Amino acid sequence: MTGEPMVRAEGVRKSFGRLEVLKGIDLEVAPGDVMCLLGPSGSGKSTFLRCVNHLEKINGGRLSVDGELVGYRAAGDTLHELREGEIARKRAEIGMVFQHFNLFANMTALENVTCAPIRVKRLGREAARARARAMLARVGLADKLDDYPAQLSGGQQQRVAIARALAMEPKLMLFDEPTSALDPELVGDVLGAMKQLASEGMTMMVVTHEIGFAREVADSVVFMDDGVVVEAGPPAEVLGNPREERTRAFLSKVL
């Protein structure tokens with residue numbers, strides 16, 4: 001394991017108007033590790049995840065991915081926001097899977113996965129299609145290449161979304177409650193695809209309510225509430241023997 005974390009947050013703050021949503025987040029994710037972010041609705045988990053790829057701009061602190069500031073360059077103590085083109089290039093290195101699949105309804109699964117590598121990475125069409133086929137096979141959808149989103153279950157659509165993110169060859173994958181919009185019987189296939197990624201060494205940050213997944217797959221679990229990290233550590237500690245009363249109260253409701 002190299003000394004440099006893949007993700008480092010130092011005193012990260014984020015406000016929407018007068019509402020302070022993140023109140024100084026400090027955490028690190030090592031390369032190849034899986035971090036699960038748990039906490040009640042409104043605790044700031046999804047906002048923090050969106051800050052990691054600069055979908056939300058932070059109001060304070062510093063956030064870096066693979067040793068580089070996210071969305072900014074530093075000149076002494078002053079941060080200057082990067083140009084949109086530079087931000088987009090950096091964002092292409094970070095895969096993100098949302099709660100709702102955001103697939104293009106008029107494109108097949110193969111076309112959905114092929115689109116970004118051609119447009120953003122300028123990959124040739126045949127190379128992009130070959131990569132897309134490999135990524136769809138990786139998430140168990142080799143037989144669904146020509147299906148449109150409306151012909152797929154929610155779980156299959158979410159796996160297409162995962163394949164689409166993987167096709168950009170990201171160094172980091174972010175998952176924002178990827179199973180919460182799915183029917184219970186479809187959750188397992190999506191979690192299975194995520195477990196496979198974890199076993200292959202993909203660095204992942206996952207906002208989830210799937211405590212079993214966090215216990216089995218995460219290297220670290222972070223419990224957030226009211227915009228702060230209440231407790232963080234290995235799953236066996238945070239889930240099995242939490243120190244903080246707020247963590248215990250939350251887990252008693254979801255376990």
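Please read all numbers here as calculations on a predicted model, not as lab measurements. These values consider heavy atoms only, across backbone and side chains, with no hydrogens, waters or symmetry-generated copies.
- Using a 4.0 Å cut-off between charged side-chain N and carboxylate O, Asp226 and Arg246 make no salt bridge.
- Here the closest heavy-atom approach between residue Leu152 and residue Gln157 is recorded as O-NE2, 3.3 Å.
- Between Val34 and Phe175, every side-chain heavy-atom pair lies at or beyond the 4.5 Å cut-off.
- Of the possible donor and acceptor atoms, none in the side chain of Lys144 sits under 3.5 Å from a partner among the backbone N and O of Ala109.
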| request: Assess whether side-chain contact (heavy atoms from CB on, under 4.5 Å) is satisfied between Leu251 and Ile211, documenting all intermediate values. | output: CA-CA 9 Å; Leu251 290 172; Ile211 304 296; 4.3 Å; yes

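- By the rule that hydrophobic residues join a cluster once side-chain heavy atoms approach within less than 4.5 Å of another member, Leu38 and Val190 end up as members of separate clusters.
- Applying the salt bridge (Lys or Arg N to Asp or Glu O under 4.0 Å) test to pairs two or more places apart or on separate chains, those with a residue in residues 8-21 are Glu4-Arg8, Arg8-Glu28, Arg13-Glu20, Lys14-Glu56.
- Looking only at distances, no side-chain donor or acceptor of Glu216 sits under 3.5 Å from a matching main-chain atom of Phe213.
- For the pair Pro117 and Thr114, the tightest heavy-atom approach, listed with the atom from each and the gap, is CD-O, 3.2 Å.
- The line from CG of Asp219 to CG of Asp33 is 4.0 Å long, rounded to the nearest 0.5 Å.
- Sorted by first and then second residue, the salt bridge (Lys or Arg N to Asp or Glu O under 4.0 Å) pairs involving residues 124-137 (not counting sequence neighbours) are Arg131-Glu169.
- With respect to Arg73 and Glu68, no salt bridge is recorded, no charged nitrogen being found less than 4.0 Å from a carboxylate O.
- If you run side-chain contact (heavy atoms from CB on, under 4.5 Å) between Met224 and each of Ile25, Thr47, Leu27, Val230, only Ile25 comes through.
- Between the side chain of Gln158 and the main chain of Phe98, a donor-acceptor pair closer than 3.5 Å is present.
- Rounding to the nearest 0.5 Å places CG of Leu37 at 5.0 Å from CE of Met205.
- Met35 is not listed as a side-chain neighbour of Val207, based on a closest heavy-atom distance of 4.5 Å or more.
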| request: Apply side-chain contact (heavy atoms from CB on, under 4.5 Å) to Cys51 and Leu63, showing your working. | output: CA-CA 8 Å; Cys51 291; Leu63 192 49; 3.8 Å; yes

| task | Evaluate the side-chain contact (heavy atoms from CB on, under 4.5 Å) criterion for residues Leu141 and Asp147: first the C-alpha distance (whole Å), next the side-chain angles of each, then the deciding distance (0.1 Å), finally the verdict. | result | CA-CA 10 Å; Leu141 294 175; Asp147 286 21; over 6 Å; no

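- Judged purely by atom type and a 3.5 angstrom limit, Asp26 uses its side chain to pair as donor or acceptor with the backbone of Gly11.
- Criterion: ILVMFWY side-chain heavy atoms under 4.5 Å apart, direct or through other members. Under it, Leu197 and Met96 are not part of a common hydrophobic cluster.
- Two different hydrophobic clusters hold Met202 and Val52 under the rule that ILVMFWY side chains link at heavy-atom gaps under 4.5 Å.
- By the neighbour-count criterion of 12 heavy atoms within 6.0 Å, atom NZ of Lys57 is sparsely surrounded, having that number or fewer from other residues, nucleotides or ligands.
- Ser46 and Asp176 share a donor-acceptor pair across their side chains, judged by distance under 3.5 Å alone.
- Phe104 forms part of a hydrophobic cluster together with Met107, judged by ILVMFWY side-chain heavy-atom separations under 4.5 Å.
- With Gln151 contributing its side chain and Tyr148 its backbone, the two residues share a donor-acceptor pair below 3.5 Å.
- Of the candidates Lys90, Glu81, Arg91, Glu81 is the only one forming a side chain to side chain donor-acceptor pair (under 3.5 Å) with His54.
- The shortest heavy-atom contact between Pro149 and Leu103 is CG-CB, 4.0 Å.
- Residue Phe48 is not grouped with residue Val228 when hydrophobic side chains (ILVMFWY) are merged at heavy-atom distances under 4.5 angstrom, including chains of intermediate members.
- A heavy-atom distance below 4.5 Å is found between the side chains of Phe101 and Leu182.
- Between Tyr72 and Arg62, the closest side-chain pair of non-hydrogen atoms is not below 4.5 Å.
- Ring orientation note: the planes of His209 and Phe250 are tilted relative to one another, at an angle of 30° to 60°.
- A pairwise comparison of heavy atoms in Ile118 and Ala128 identifies CG1-CB, 3.5 Å as the closest pair.
- The backbone N or O of Gly32 sits less than 3.5 Å from a side-chain atom of Thr203, completing a donor-acceptor pair.
- Residues Leu136 and Met168 fall into different hydrophobic clusters, defined by Ile, Leu, Val, Met, Phe, Trp and Tyr side chains chained together at heavy-atom separations under 4.5 Å.
- Counting only N and O atoms by type, the side chains of Thr208 and Glu177 include no donor and acceptor under 3.5 Å apart.
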